[in-house]
Amino acid sequence: MVGVVVIGRNEGHRLVDCLASLRHVDGPIVYVDSGSTDGSEMVARCAGADVVALDPAVPFTAARARNAGWRRLLQTWPDLSYVQFLDGDCRIDPTWLPAAVDCLRQRPDVAVVMGRRRERYPSRSIYNAICDDEWDGPAGEAIECGGDVLSRAEVLRQLGGYRDDLIAGEEPELCVRLRQRGHRIWRLDREMSLHDANIVRFPQWWRRSMRAGHAYAQVHLIHQRAPERIWGANLRRTLSWSMLLPAAVIAGALLHPAWLSLALLYPIQILRLRRRQKSFRRATLSVIGKFAEMQGVLQYLMHRVARRRQRLIEYK
């Protein structure tokens with residue numbers, strides 16, 4: 001009834017741990033590899049998974065890997081009802097699948113269901129802790145999902161899965177199309193998976209924020225006519241803090257030095273965010289991150305104008 005798709009690229013011991021967490025799963029497991037050089041394909045075969053190695057001539061994306069995985073699953077096991085997606089740096093909770101399947105059985109209007117994804121080592125770095133907060137959310141209907149979800153197989157067939165050309169944000173983009181078809185996304189108040197972001201250095205976090213900005217721009221332009229205008233607010237905040245405000249400070253200073261006082265909006269914003277986030281460092285990173293996001297936005301726009309396909313922005 002349930003098949004599992006695991007995707008990965010040079011995950012090392014994390015992939016070993018991921019596949020070990022799936023030993024209790026009775027259904028088939030497909031592992032999709034995106035050009036690993038650490039023996040991941042052999043590790044997956046030894047664990048009993050069906051392995052799909054993506055052609056390196058085509059740019060790798062998580063969306064492309066997930067599509068290759070669910071299509072292999074349903075081609076080989078056409079009677080599967082559900083597909084569980086799991087990133088290769090995650091470990092699934094043993095109680096998750098029975099609860100998730102039960103939810104989809106009882107709620108025919110729900111297309112995908114997710115639970116609580118936690119960061120495995122949130123105390124290792126502030127960046128890991130930020131990721132752990134990002135994974136959290138209230139139980140009930142959700143607007144978007146992440147990479148670890150249980151999906152109805154028939155819905156994947158109907159919608160064609162994810163967009164292969166998205167280097168990030170492929171899950172929220174799919175959710176837009178799900179909702180347009182009348183489907184719902186649901187979050188259960190249950191443990192689902194442990195994730196190992198392993199972000200311990202500032203440059204890693206900067207590139208992850210760049211990737212987020214790239215996704216904001218690309219997915220927003222794809223669905224700019226949709227009623228919810230996905231990530232429009234994110235783009236406006238990024239543009240305001242990273243471009244409009246600096247431009248106003250510089251242009252105003254040319255007229256009168258008093259305009260430099262506009263730069264005080266940055267520490268004011270940090271203090272405002274600190275009250276909500278309970279951390280001065282987190283608040284500071286939130287503001288600095290807008291510049292990284294804008295770099296990703298500009299990178300996407302330049303590739304769009306040049307009609308070039310953006311390759312992965314990797315941070316590990």
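Because only heavy atoms are used, hydrogens play no part in the values below, and waters and symmetry mates are left out as well, while side chains stay in.
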Between [X] (side chain only) and [Y] (backbone N and O only), is there a donor and an acceptor less than 3.5 Å apart?
{"X": "D38", "Y": "G12", "result": "yes"}
{"X": "R229", "Y": "Q224", "result": "yes"}
{"X": "H256", "Y": "A253", "result": "no"}
{"X": "H220", "Y": "I230", "result": "yes"}
{"X": "S261", "Y": "A258", "result": "yes"}
{"X": "D132", "Y": "E119", "result": "yes"}
{"X": "D89", "Y": "R14", "result": "no"}
{"X": "R274", "Y": "A283", "result": "no"}
{"X": "Q295", "Y": "F291", "result": "no"}
{"X": "S242", "Y": "M294", "result": "no"}

Is it possible for you to say whether [X] and [Y] belong to one hydrophobic cluster, with membership spreading through side-chain heavy-atom contacts below 4.5 Å?
{"X": "L298", "Y": "I167", "value": "no"}
{"X": "L221", "Y": "V176", "value": "yes"}
{"X": "W231", "Y": "L178", "value": "no"}
{"X": "W135", "Y": "Y127", "value": "no"}
{"X": "M114", "Y": "Y162", "value": "yes"}

[X] and [Y] ion-paired at < 4.0 Å:
{"X": "R179", "Y": "E228", "value": "yes"}
{"X": "R120", "Y": "D196", "value": "no"}
{"X": "R237", "Y": "E293", "value": "no"}

Student check: side-chain heavy atoms of [X] and [Y] closer than 4.5 Å:
{"X": "V83", "Y": "L156", "value": "yes"}
{"X": "W186", "Y": "C103", "value": "yes"}
{"X": "S193", "Y": "W96", "value": "no"}
{"X": "I143", "Y": "I185", "value": "no"}

Closest non-hydrogen atom pair between [X] and [Y], with its separation:
{"X": "V32", "Y": "A65", "result": "CG2-O, 3.5 Å"}
{"X": "L86", "Y": "C18", "result": "CD2-SG, 3.5 Å"}
{"X": "V2", "Y": "L97", "result": "CG1-CD2, 4.1 Å"}
{"X": "A53", "Y": "E41", "result": "CB-OE2, 3.7 Å"}
{"X": "R309", "Y": "D165", "result": "NH2-CA, 3.3 Å"}
{"X": "L245", "Y": "L262", "result": "CD1-O, 4.0 Å"}

Look up atom [atom1] in [X] and atom [atom2] in [Y], then write down how far apart they are to the nearest 0.5 Å.
{"X": "M42", "Y": "S36", "atom1": "CE", "atom2": "OG", "value": "13.0 Å"}
{"X": "R208", "Y": "C131", "atom1": "CZ", "atom2": "SG", "value": "3.5 Å"}
{"X": "I222", "Y": "R225", "atom1": "CD1", "atom2": "CZ", "value": "14.0 Å"}
{"X": "E173", "Y": "E144", "atom1": "CD", "atom2": "CD", "value": "11.5 Å"}
{"X": "R64", "Y": "I7", "atom1": "CZ", "atom2": "CD1", "value": "12.0 Å"}
{"X": "S209", "Y": "Q204", "atom1": "OG", "atom2": "CD", "value": "11.5 Å"}

S40-E11 side chain donor-acceptor pair, cut-off 3.5 Å: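 S40 vs E11: no donor-acceptor pair found between side chains.
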Under 3.5 Å side-chain donor-acceptor pair for R177 and Q180: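 The criterion, which ignores hydrogens and geometry beyond distance, is not satisfied for Q180 and R177.
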Between W241 and Y266, ring centroids under 6.0 Å: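 Judged by ring-centre distance (under 6.0 Å), W241 and Y266 do meet the cut-off.
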Heavy atoms of other groups near [X] [atom1], more than 12 under 6.0 Å:
{"X": "D109", "atom1": "CG", "answer": "yes"}
{"X": "R281", "atom1": "CZ", "answer": "no"}
{"X": "D55", "atom1": "CG", "answer": "yes"}
{"X": "W259", "atom1": "CH2", "answer": "no"}
{"X": "R107", "atom1": "CZ", "answer": "yes"}
{"X": "R311", "atom1": "CZ", "answer": "no"}
{"X": "F202", "atom1": "CZ", "answer": "yes"}

Among R118, R116, R117, the one residue meeting salt bridge (Lys or Arg N to Asp or Glu O under 4.0 Å) with E191: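 It is R118, the one option of R118, R116, R117 that forms the salt bridge (Lys or Arg N to Asp or Glu O under 4.0 Å) with E191.
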D164, D148, D87 screened by salt bridge (Lys or Arg N to Asp or Glu O under 4.0 Å) with R66, the one that passes: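 Option passing the salt bridge (Lys or Arg N to Asp or Glu O under 4.0 Å) with R66: D87.
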